[in-house]
Amino acid sequence: MKIATWNVNSLRVRLPQVLQWLETAQPDVLALQETKLSDDKFPVEEIAAAGYQVAFHGQPTYNGVAILSRLPLTDVRIGMPGFDDDQARVLAATVDGVRVLDLYVPNGQEVGSEKYAYKLRWLEHLAGVVAAELAQHSRLVVLGDFNIAPADADVHDPEAWRGKVLFSEPEKVALQRLFDLGLADSFRLFDQDENVFSWWDYRAAGFRRNIGLRIDLVLLSETLAANCTDASVDRAPRAWERPSDHAPALASFKL
DNA sequence: ATGGTGGCGCGGCCA
């Protein structure tokens, strides 16, 4: 199974790029974040024409997640059980015996802000949700825009970012809890080039200067990590005209 | 440079 995640920053704007990328990359499953679409406006037919079924959970203007799959999506679940969230950030589904959990983790805005506190509360609840999923599914993928860079190697200038939102210690501790539950960062299962990122700020020509962070992750349960054959970030769509500020991250594994 | 760009939607918020 080849599975990918991509924060598209408006599916209305980026649908042609998503369709183009599906055609070239040929993933079996693609998890999207920041669709920014209410469910009645979701482009189901265009995606079906590309050969993908889709589950989605959106709202107007902000947030929104979706899972595209060539094979049927079952046991679709919206949101995190036990966490009353008015923001559409979580979608789960099962594909070919693999449980898929698509996340758009809150950005957090700034350390110490209300949004940062919400991010940490959200991540604390997520750990319980992931633990419950792992207890039920040995084959689990947790992927999406985590809005956290795991380590120094995932940040263009770690010293400048240390303690800042997306790279603060409490955020990294929250991410480490997921690793401690038995999830592996698929990207780090392989030798990788240095300075591989998945997000570059639109401002200050971040992409041109490769000033970015790797915050889009594909985490795998132990069973899937043991069978993982490849993991990467595809920078190409970030160089397209009118791009998302994120690039797709991918992992492949044998079932 | 406490800036910068982009999306939504038409003022200001969010990232």
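Throughout, a chain's letter reflects where its sequence line sits, starting with A, and its residues are numbered from 1.
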Which of these, A:Asp154, A:Asp152, A:Asp145, A:Asp193, sits in a salt bridge (Lys or Arg N to Asp or Glu O under 4.0 Å) with A:Arg214? A:Asp154

Hey, which sits more toward the 5' end of DNA chain B by its nearest nucleotide, A:Tyr202 or A:Lys115? A:Tyr202

How far, in whole Å, is B:dT2 from B:dC14 if one measures between their P atoms? 22 Å

Sorted by position of nearest nucleotide on DNA chain B, 5' first, the leading residue of A:Thr61 and A:Gln87 is A:Thr61

Pick the C1' atom in B:dG3 and in B:dG9, then give their distance to the nearest Å. 24 Å

Approximate separation, where rounding is to 0.5 Å, of A:Leu134 CG and A:Leu101 CG: 9.5 Å

Pairs where residues 95-112 of chain A contributes a residue and the test side chain to side chain donor-acceptor pair (under 3.5 Å) is met, not counting sequence neighbours: A:Gln33-A:Asp102, A:Glu34-A:Tyr104, A:Thr94-A:Arg99, A:Arg99-A:Glu133

State whether the number of non-hydrogen atoms from other residues, nucleotides or ligands found under 6.0 Å of A:Glu23 atom CD is greater than 12. no

Walk me through it: do A:Lys172 and A:Glu169 pass the test salt bridge (Lys or Arg N to Asp or Glu O under 4.0 Å)? CA-CA 5 Å; A:Lys172 286 188 272 185; A:Glu169 210 47 46; 3.8 Å; yes

Contact class for A:Tyr104 (heavy atom, under 4.0 Å): base, sugar-phosphate, or nothing? sugar-phosphate

Give a yes or no on whether A:Gln87 atom CD has more than 12 heavy-atom contacts from other residues, nucleotides or ligands under 6.0 Å away. yes

For atom P, what is the distance between B:dG11 and B:dA1, given to the nearest Å? 34 Å

Nucleotide range of DNA chain B contacted by chain A, 5' to 3', under 4.0 Å to a heavy atom? B:dG4 to B:dA15

